[in-house]
Amino acid sequence: MKQNTKFKYSEAVSYSDDAQGLKCHTVDIWQSELPVGQEACSEYWIIFIHGGAWRDPEITSSFAEAAVAVLQDSTQKHNIRGFASINYRLSSHPNHPASPSHPEDPSRNAVHPDHLCDVQNGIDYLQKRFQFGSRYILVGHSCGATLAFQTINNQKQSSGMPIKETVPPQAIVSAAGLYDLVLLRDSDSEPPSCQGFLSHAFGSDEEVWRSQSPVYGNYDATWSEGRVAVLLQCSEDEYVSPMQLTVMEKALQGWSRKEGRLLVCLTVSGRHDDCWKMGYGLAYGVETALDHLVAKPSHG
Ligand SMILES: Nc1ccccc1C(=O)C[C@H](N)C(=O)O
């Protein structure tokens, strides 16, 4: 019965085989309880990646809860096979007022590409378990948006830790994204904070910041599965300037020219974190992506 779509919730499912069993190597899952039917080819997994400047211990996988609640009740719910929200190791934040990081804590001392490795491991776990291939939408907020685009650009990265090669998503919904890291630092307000967390997350070599910035991706070459990119900006964002969206829109323009692809930029109301705290902003982005994916199904 369409009206009875229910999603079974599993909290903190481990995606890693490490013996430590770290909480940061887990994913929350909401799985549709409907039997896989004829509509399976129009059903998507929605996979969330949280923000928090790679370091904020108060922003975790649970950031997706409000958007999941909105989407479970939306007209698009029949096109959703499940939701997942990925935790990943954070970078150090020794000055956090309530929970400063400890130098020995393996979950709070990550440096690029650790965050990305974890996200790719989470997606790999979900892809193996649920077999959805490219039929998923990656939804990233703030640095989670950076990570979402990095999963496409870093498929074959060979230096450092091995990164799982996951099948890229058919759509990305990115909200308040950090797309050009050097520009982010250069447009920092007073008192500056970006230099600090960017150095903790990527080290001091700005060439790494540049090469890891989503604006320098070659999406025409690397994202052949991609059919929709929805870029959201928050009208009262206190951290991210509208320039970030402008440069990313430009970076995706060549990719978007191919027939059947959609690049949309949307403005949602509220401050940097309101779009996930209230859920409506992220849900609106996901609904926009699903509208296009389902109206023009690909049979590839
Ligand atoms: N300064 C930023 C610039 C861009 C994006 C996020 C932030 C943050 O500070 C977010 C987070 N609430 C934090 O304090 O870590």
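As the structure lists them, so they are numbered: ligands from 1, and atoms in each ligand from 1.
- Interface atoms of ligand 1 facing A53, defined by a heavy-atom separation under 4.0 Å, are 15 (O).
- Close approach to R55 involves these atoms of ligand 1, each under 4.0 Å from a residue heavy atom: 9 (O), 13 (C), 14 (O), 15 (O).
- Side chains of L232 and C275 form no contact here, defined as non-hydrogen atoms less than 4.5 Å apart.
- The D56 neighbourhood of ligand 1 comprises atoms 11 (C), 12 (N), 13 (C), 15 (O), with distances under 4.0 Å to a heavy atom of that residue.
- Here the side chains of M248 and P214 are in contact, with some heavy-atom distance below 4.5 Å.
- Nearest protein heavy-atom contact of atom 4 (C) of ligand 1 is Y239 CB, 3.5 Å.
- Nearest to atom 5 (C) of ligand 1 among the protein's heavy atoms is S142 OG, 3.6 Å.
- Remark: aromatic rings of Y88 and H50 are close, center separation under 6.0 Å.
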- request: Applying salt bridge (Lys or Arg N to Asp or Glu O under 4.0 Å), run through K6 and E33 and close with a yes or a no.
  value: CA-CA 6 Å; K6 290 248 164 47; E33 292 187 322; over 6 Å; no
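- Using a 4.5 Å heavy-atom cutoff, the side chains of H25 and R89 are in contact.
- You'll find the ring centres of Y219 and F149 inside the 6.0 Å limit.
- Heavy-atom contacts of S193 reach the following atoms of ligand 1: 1 (N) (cutoff under 4.0 Å).
- When each atom of ligand 1 is checked for a heavy atom of G52 under 4.0 Å away, the hits are 15 (O).
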